[in-house]
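Report on the following structure.
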Amino acid sequence: MSEQTSPTATAKDRVVLAYSGGLDTSVAIGWIGEQTGAEVIAVAVDVGQGGEDLEVIRQRALDCGAVEAYVADAREEFATEYCMPALRANALYQGRYPLVSALSRPVIVKHLVRAARQFGATTVSHGCTGKGNDQVRFEVGITSLAPDLRCIAPVRDLALTRDVAIDYATKHDLPIETTKHNPFSVDQNVWGRAVETGFLEDIWNGPTKDVYTYTDDPTFPPAADEVVITFQAGVPVALDGVPVTPLQAIAELNRRAGAQGVGRIDIVEDRLVGIKSREVYEAPGAIALITAHAELENVTVEREQARFKRTVDQRWAELVYDGQWFSPLKRSLDVFIDDTQRYVSGDVRLLLHGGRAVVTGRRSETSLYDFNLATYDTGDSYDQSNAKGFIEIYGMTTKLSAARDARFGVGEAAALAGDQA
Ligand code: ARG
């Protein structure tokens with residue numbers, strides 16, 4: 001036998017915890033330790049929550065008993081690798097929701113897995129309840145990237161209720177406020193903001209002013225704002241001619257479209273777990289960008305590709321909503337979407353006013369819009385006489401079956417013939 005002692009023989013199990021710096025996850029650090037005997041490593045990922053400084057959060061994690069704290073400013077990564085693919089997919093779940101929370105989970109998952117590897121953890125933990133989509137997104141994401149890691153959710157699996165958390169924080173004198181009563185549950189990042197619970201759970205109640213922070217009231221807008229967004233292969237590269245990174249484009253449009261009250265969404269949505277829930281979103285930058293991008297696609301993407309892409313876009317949004325960011329189907333759809341974006345380059349002029357983002361102009365070197373084909377004025381290069389033969393052949397199968405229906409007295413044609421008799 002060698003002299004070597006196994007370092008894991010006496011070492012404690014390690015858990016990486018997705019840490020926000022708030023009450024629940026601050027208590028979860030000690031709670032997980034007590035309930036499982038494991039050491040906890042706190043992982044805080046900045047995706048543009050706009051809250052406290054990462055260093056403050058790191059220190060609080062350590063003060064609450066974490067053995068290590070891993071913090072990452074992932075805003076550029078989130079904007080470039082998560083928000084931009086969503087933009088290229090014009091991703092709107094149920095045609096309305098730009099996937100704000102759903103997009104942030106996979107980037108947080110990546111950092112959780114990285115931290116787990118770095119610190120030798122066997123388990124990943126998050127602060128979600130058992131009722132929402134986010135638990136699924138975290139755990140399916142973890143399984144996709146690291147099938148060997150286990151998952152545990154203290155609120156769901158270890159009975160860490162709100163009351164227990166307040167008692168625990170008070171008893172252990174944790175450096176976190178327990179008295180602050182937040183009327184809503186909020187999740188926010190660079191791509192937008194999601195607000196639910198409380199008074200909004202009565203779906204007849206209209207959102208009050210205090211729900212919103214990314215947008216101003218569109219009822220009393222300032223003078224209209226006009227912005228020209230330049231895209232290169234489906235991604236914004238300049239605003240009013242000034243080069244921007246994806247993160248800068250989103251942030252700047254959050255500000256400008258937000259000032260006009262663009263991107264407020266009030267929706268009852270279908271959660272993956274089967275519950276219908278009411279959520280209020282504000283995503284001014286995302287809605288402005290998707291509006292402009294979708295119109296540039298209208299100008300630059302070939303008709304059949306564009307029609308098919310609408311189906312793909314919808315499926316992409318559902319997959320991402322359902323926690324399938326790292327799934328094989330999502331990956332395959334990405335390849336299709338990437339291919340469609342080759343010519344999605346050019347400028348879109350967007351008028352921002354009174355809660356709306358309206359396209360008023362588009363131009364592109366890679367446009368399929370042909371003025372001479374489209375015009376009703378001089379310069380027309382479209383030979384209208386071709387249309388006659390086209391319609392004759394295009395309508396052939398309908399004509400044949402209609403004639404048969406008439407013989408058998410079936411359908412509208414027969415009914416109309418009867419009227420005549
Ligand atoms: N309903 C949204 C989703 O499933 C947001 C979830 C988090 N919302 C919140 N207000 N905490 O993606």
Side-chain angles (χ1 to χ4, degrees), residues 48-51 75 78-79 83-84 86-88 90-92 95-100 184 186 188-195 200 205-232 234-267 279-300 344-365 367 369:
Q49 296 91 324
R75 285 173 299 173
F78 177 56
C83 301
M84 291 303 106
L87 173 60
R88 286 151 66 102
N90 302 309
L92 296 171
R96 310 264 312 279
Y97 165 42
L99 299 177
V100 173
F184 306 113
V186 177
Q188 64 186 41
N189 60 48
V190 171
W191 200 234
R193 192 164 169 272
V195 187
L200 295 170
N205 284 341
T208 43
K209 282 190 192 320
D210 58 331
V211 167
Y212 300 107
T213 67
Y214 280 20
T215 53
D216 291 331
D217 188 346
T219 323
F220 307 101
D225 189 5
E226 204 175 65
V227 60
V228 174
I229 308 176
T230 305
F231 289 88
Q232 192 67 54
V235 168
V237 293
L239 296 179
D240 294 325
V242 180
V244 286
T245 64
L247 178 61
Q248 288 168 336
I250 301 165
E252 177 67 2
L253 287 168
N254 274 341
R255 193 180 64 72
R256 286 172 68 173
Q260 299 285 341
V262 170
R264 290 186 172 186
I265 299 143
D266 179 346
I267 184 176
E279 193 101 43
V280 174
Y281 299 103
E282 24 178 16
I287 295 300
L289 283 165
I290 291 172
T291 303
H293 174 265
E295 180 59 11
L296 190 57
E297 284 192 338
N298 288 342
V299 176
T300 56
V344 186
S345 302
D347 297 335
V348 176
R349 191 177 57 234
L350 209 53
L351 188 75
L352 308 168
H353 193 58
R356 308 214 313 139
V358 180
V359 174
T360 61
R362 48 308 251 165
R363 65 183 170 204
S364 168
E365 301 276 316
S367 165
Y369 177 82

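Throughout, numbering of the chain's residues begins at 1 and tracks the sequence. The structure displayed is predicted, hence computed values, not measured ones.
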Please evaluate residues Tyr212 and Val280 with respect to the criterion side chain to side chain contact (heavy atoms under 4.5 Å, CB included), reporting the C-alpha separation (whole Å), side-chain torsions for both, the decisive distance (0.1 Å), and the verdict. CA-CA 9 Å; Tyr212 300 107; Val280 174; 3.7 Å; yes
Salt bridge (charged side-chain N to carboxylate O under 4.0 Å, His left out) between Arg256 and Asp240, intermediate numbers included: CA-CA 12 Å; Arg256 286 172 68 173; Asp240 294 325; 2.9 Å; yes
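- Contact detail for Glu279 and Ala194: the closest heavy-atom pair is OE2-CB, 3.5 Å.
- A distance of 6.5 Å separates SG in Cys83 from CG in Asn189, rounded to the nearest 0.5 Å.
- Using a 3.5 Å distance cut-off with no hydrogens or angles, the side chains of Asn90 and His293 do pair a donor with an acceptor.
- Closest non-hydrogen pair, Gly263 versus Ile287, comes out as CA-CG1, 3.8 Å.
- Between Leu352 and Val227 there is a side-chain heavy-atom pair separated by less than 4.5 Å.
- Counting heavy atoms from C-beta outward, Met84 and Pro236 have side chains that approach closer than 4.5 Å.
- Of the residues listed (Arg193, Gln49, Glu282), the one engaging Gln188 in a side-chain hydrogen bond (donor to acceptor under 3.5 Å, both in side chains) is Arg193, and it is the only one.
- Ser364 places a side-chain N or O within 3.5 Å of a backbone atom of Ser345 that can act as its donor or acceptor partner.
- Here the CG-CD distance, from Asp347 to Glu365, works out to 9.5 Å after rounding to the nearest 0.5 Å.
- Closest approach of Ala79 to Ile250, counting heavy atoms only: CB-CD1, 3.9 Å.
- The backbone N or O of Leu247 lies less than 3.5 Å from no partner atom in the side chain of Arg75, so there is not a single donor-acceptor pair.
- Closest approach of Ile267 to Tyr281, counting heavy atoms only: CG2-CE1, 3.7 Å.
- Nearest approach of Val100 to Phe78, heavy atoms of both residues: O-CZ, 4.4 Å.
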Identify each donor-acceptor pair in which a side-chain atom of residues 355-362 lies under 3.5 Å from a protein atom, sequence neighbours left out, and give them as a table.
residue, atom, partner, partner atom, Å
Thr360, OG1, Arg349, NE, 2.9
Arg362, NE, Glu295, OE2, 2.8
Arg362, NH2, Glu295, OE2, 2.9

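- With Gln260 contributing its side chain and Ala223 its backbone, the two residues share a donor-acceptor pair below 3.5 Å.
- Looking only at side-chain heavy atoms (C-beta outward), Pro98 and Ile265 come within less than 4.5 Å of each other.
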Quick one: do Leu200 and Asn205 satisfy side chain to side chain contact (heavy atoms under 4.5 Å, CB included)? Show the steps, please. CA-CA 6 Å; Leu200 295 170; Asn205 284 341; 5.8 Å; no
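- Here the CD1 atom belonging to Ile229 is positioned 5.0 Å from the CG atom belonging to Leu350, to the nearest 0.5 angstrom.
- Here CZ of Arg363 is found 11.5 Å from CG of Leu296. Values are rounded to the nearest 0.5 Å.
- For the pair Gly48 and Tyr214, the tightest heavy-atom approach, listed with the atom from each and the gap, is O-OH, 3.9 Å.
- In this structure a side-chain-to-backbone donor-acceptor pair under 3.5 Å is present from Gln248 to Thr245.
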For Trp191 and Leu87: C-alpha separation, side-chain torsions, deciding distance, then whether side chain to side chain contact (heavy atoms under 4.5 Å, CB included) applies. CA-CA 10 Å; Trp191 200 234; Leu87 173 60; 4.2 Å; yes
Walk me through whether Leu239 and Val228 qualify under side chain to side chain contact (heavy atoms under 4.5 Å, CB included). CA-CA 6 Å; Leu239 296 179; Val228 174; over 6 Å; no
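- The distance from the CZ atom of Phe184 to the CG atom of Asp210 is 4.5 Å, given to the nearest 0.5 Å.
- With Asn254 contributing its side chain and Gly285 its backbone, the two residues share a donor-acceptor pair below 3.5 Å.
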